[in-house]
*Asks:* 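I'd like to ask you about the structure that follows.
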2 protein chains.
Amino acid sequence: MNVKTPINPLLQHAAQTLTSHGGRMTAQRRLILAVLAESQDHPTAEELYQRVQPKNPALNLSTVYRTLRWLEQEGLVNSRHFEGEPHQDRFDPVADQRPDHHHFRCRACNRIIEFDAPLLDKVKQTFSRQQGGQVESAALVLYGLCADCASK
Amino acid sequence: MNVKTPINPLLQHAAQTLTSHGGRMTAQRRLILAVLAESQDHPTAEELYQRVQPKNPALNLSTVYRTLRWLEQEGLVNSRHFEGEPHQDRFDPVADQRPDHHHFRCRACNRIIEFDAPLLDKVKQTFSRQQGGQVESAALVLYGLCADCASK
DNA sequence: CTGTGTGCAAAGGCTTTGCATAGAC
DNA sequence: GTCTATGCAAAGCCTTTGCACACAG
């Protein structure tokens with residue numbers, strides 16, 4: 001077992017996508033992918049940049065952006081914006097996750113909790129039935145207090 | 001019947017809020033409120049600015065922003081961001097609408113359709129039951145093709 | 001070696017802010 | 001007359017882009 005290179009689906013996907021598109025796997029991309037994959041929150045580009053700094057102080061913010069946008073185009077990452085925040089994007093590694101997961105955001109500690117909402121299929125169906133057309137995807141964000149913050 | 005001043009709940013609310021906060025009803029605010037209230041789409045600040053131009057070419061973009069942000073603070077307007085758009089806000093007059101309405105956005109014509117989703121209450125309850133905490137609000141956006149665009 | 005990726009610095013898009021003047025109450 | 005709102009221009013914040021050099025394949 002190689003402890004130094006744990007299995008990282010995001011990195012694996014990225015590597016495949018890269019080679020099949022004539023791209024190159026650089027140290028910077030590897031680092032960004034690794035940090036992103038182990039981030040449980042949904043970091044902004046700036047936050048990712050900060051976390052990468054210790055391991056490679058020379059790595060530039062624009063490289064972080066370029067990598068994220070490329071991952072986004074390849075469908076390996078989603079960018080989101082949450083209410084009440086400045087005009088900044090947060091990045092959500094999709095990797096092997098269920099495609100249609102949703103988010104709860106605590107307005108006190110800003111924690112983001114992901115969850116599935118199978119009931120949303122019904123909501124989509126109802127909309128289609130009433131309005132016609134096709135619903136392709138849904139983005140649901142719940143806002144409130146998480147269990148920890150509510151109990152204080 | 002006074003045809004020149006149709007009943008405008010947004011404007012009425014705004015007028016009340018203004019006077020009770022020591023604010024002043026100016027020609028600019030009246031204009032912006034009127035145009036916003038009759039906008040069926042969810043205009044950006046820039047779009048609102050364009051629509052206001054013919055009636056008052058001197059009115060400044062920053063006045064539009066200041067008015068919108070003030071309305072937002074007062075809870076008379078919501079600002080939103082939709083996926084796939086530049087980093088710009090769209091403004092949604094709340095006025096006398098149901099508080100918890102949601103949005104469908106057509107990826108072809110960009111039209112926005114509002115709808116109610118009573119089933120979301122169940123989604124909220126399910127989340128609270130499983131994770132604890134309190135859910136205060138929900139923002140749902142469906143993406144797809146509207147009836148018109150789907151039939152082409 | 002060839003061509004993609006990176007660092008750096010500058011520019012871009014949307015939004016906010018400081019300040020002097022205009023205008024509501 | 002007093003104090004809030006506006007217009008204008010400048011700044012701010014997040015993000016993207018141009019260019020020369022570095023480096024993966």
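Each chain gets a letter, A, B and so on, in the order the sequences are listed, and its residues count up from 1.
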*Asks:* Could you state the atom-to-atom distance from CZ of A:Arg29 to C1' of C:dT4 in whole Å?
*Replies:* 8 Å
*Asks:* Map A:Ser62 and A:Gly22 onto DNA chain C by nearest heavy atom, then report which one ends up closer to the 5' terminus.
*Replies:* A:Gly22
*Asks:* Side chains of A:Phe91 and A:Pro93: closer than 4.5 Å at any heavy-atom pair?
*Replies:* no
*Asks:* Within residues 66-73 of chain B, find the residues that approach DNA chain C with a heavy atom at under 4.0 Å, and present them sorted by residue number.
*Replies:*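 Contacts with DNA chain C under 4.0 Å: B:Arg66, B:Arg69.
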*Asks:* Students should find this one: the first and last nucleotides of DNA chain D, 5' to 3', lying under 4.0 Å from a heavy atom of chain A. What are they?
*Replies:*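 Range of nucleotides within reach of chain A: D:dC14 to D:dG25.
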*Asks:* Just verifying a value: how many Å separate B:Ile112 CD1 and B:Arg80 CZ, rounded to the nearest 0.5 Å?
*Replies:*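 Separation between the atoms: 9.0 Å.
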*Asks:* Could you check whether any side-chain heavy atom of A:Thr63 comes within less than 4.5 Å of a side-chain heavy atom of A:Thr26, counting everything from C-beta outward?
*Replies:* no
*Asks:* Between the protein and nucleotides 10-14 of chain C, are there any N/O to N/O pairs under 3.5 Å, and if so, what are the atom names and distances?
*Replies:*
unit_1: C:dC14; atom_1: O3'; unit_2: B:His87; atom_2: O; d: 3.2

*Asks:* State, yes or no, whether a side-chain contact exists between A:Lys152 and A:Leu145 at a heavy-atom distance under 4.5 Å.
*Replies:* no
*Asks:* Without decimals, in angstroms, what is the distance between A:Leu31 CG and C:dG5 P?
*Replies:* 17 Å
*Asks:* Does any non-hydrogen side-chain atom of A:Leu48 lie less than 4.5 Å from one of A:Ser39?
*Replies:* yes
*Asks:* State, to the nearest 10°, the angle formed by the axis through the first five base pairs of the helix from C:dC1-D:dG25 to C:dC25-D:dG1 and the axis through its last five.
*Replies:* 30°
*Asks:* Look at the side-chain heavy atoms of Ile, Leu, Val, Met, Phe, Trp and Tyr, link any pair under 4.5 Å apart, and say whether A:Tyr143 and B:Val141 land in one connected group.
*Replies:* no
*Asks:* Would you say B:His81's side chain and B:Pro86's backbone share a donor-acceptor pair under 3.5 angstrom?
*Replies:*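 Pair found, side chain donor or acceptor close to backbone of B:Pro86.
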*Asks:* Once you measure the plane-to-plane angle for B:His102 and B:Phe115, does it fall in the parallel (<30°), tilted (30-60°) or perpendicular (>60°) bin?
*Replies:* tilted
*Asks:* Measure from CG on B:Asn60 to C1' on C:dT21 and round the result to the nearest Å.
*Replies:* 14 Å
*Asks:* Counting C-beta onward and ignoring hydrogens, is there a side-chain heavy-atom pair between A:Val123 and A:Leu120 closer than 4.5 Å?
*Replies:*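 Yes, side chains in contact.
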*Asks:* Taking atom types as modelled, is there a side-chain donor on B:Gln88 or B:Thr44 under 3.5 Å from an acceptor on the other?
*Replies:* no
*Asks:* Do B:Lys124 and B:Ser128 come within less than 4.5 Å of each other through their side chains, counting heavy atoms only?
*Replies:* no
*Asks:* Calculate, to the nearest 0.5 Å, the distance between atoms CD and CG belonging to A:Gln28 and A:Asn56 respectively.
*Replies:*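 One gets 6.0 Å once the value is rounded to the nearest 0.5 Å.
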*Asks:* Dump every N/O contact between nucleotides 22-25 of chain C and the protein below 3.5 Å, one line per pair.
*Replies:*
unit_1: C:dG23; atom_1: N2; unit_2: B:Arg24; atom_2: NH1; d: 2.7
unit_1: C:dA24; atom_1: N3; unit_2: B:Arg24; atom_2: NH1; d: 3.1
unit_1: C:dC25; atom_1: OP1; unit_2: B:Met25; atom_2: N; d: 3.3

*Asks:* Could you tell me if the side chain of A:Ile113 sits less than 4.5 Å from the side chain of A:Leu142, heavy atoms only?
*Replies:*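 When only atoms from C-beta onward are counted, A:Ile113 and A:Leu142 do not touch, as no gap falls below 4.5 Å.
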*Asks:* Report yes if the side chains of A:Tyr49 and A:Glu46 come closer than 4.5 Å at any heavy-atom pair, otherwise no.
*Replies:* yes
*Asks:* Start at the 5' end of DNA chain C and walk down; is the nucleotide closest to A:Leu61 or to B:Phe91 reached first?
*Replies:*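 Whichever sits nearer the 5' end wins; that is A:Leu61.
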*Asks:* Quickly, which of A:Asp92, A:Asp116, A:Asn78 forms a side chain to side chain donor-acceptor pair (under 3.5 Å) with A:His101? Name it, please.
*Replies:*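 Testing each of A:Asp92, A:Asp116, A:Asn78 against A:His101, the sole residue satisfying side chain to side chain donor-acceptor pair (under 3.5 Å) is A:Asp92.
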*Asks:* Does the pair B:Glu47/B:Arg90 count as a salt bridge with the N-to-O cut at 4.0 Å?
*Replies:*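 A salt bridge is present here (some side-chain N lies under 4.0 Å from a carboxylate O).
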*Asks:* Charged N to carboxylate O below 4.0 Å: is that the case for A:Arg51 and A:Glu38?
*Replies:* no
*Asks:* Specify whether A:His42 and A:Phe82 have parallel, tilted or perpendicular ring planes, treating 30° as the upper limit for parallel and 60° as the lower limit for perpendicular.
*Replies:*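 Rings of A:His42 and A:Phe82: perpendicular, as their planes differ by over 60°.
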*Asks:* For residues 38-49 of chain A, which residues have at least one heavy atom under 4.0 Å from DNA chain D?
*Replies:* none
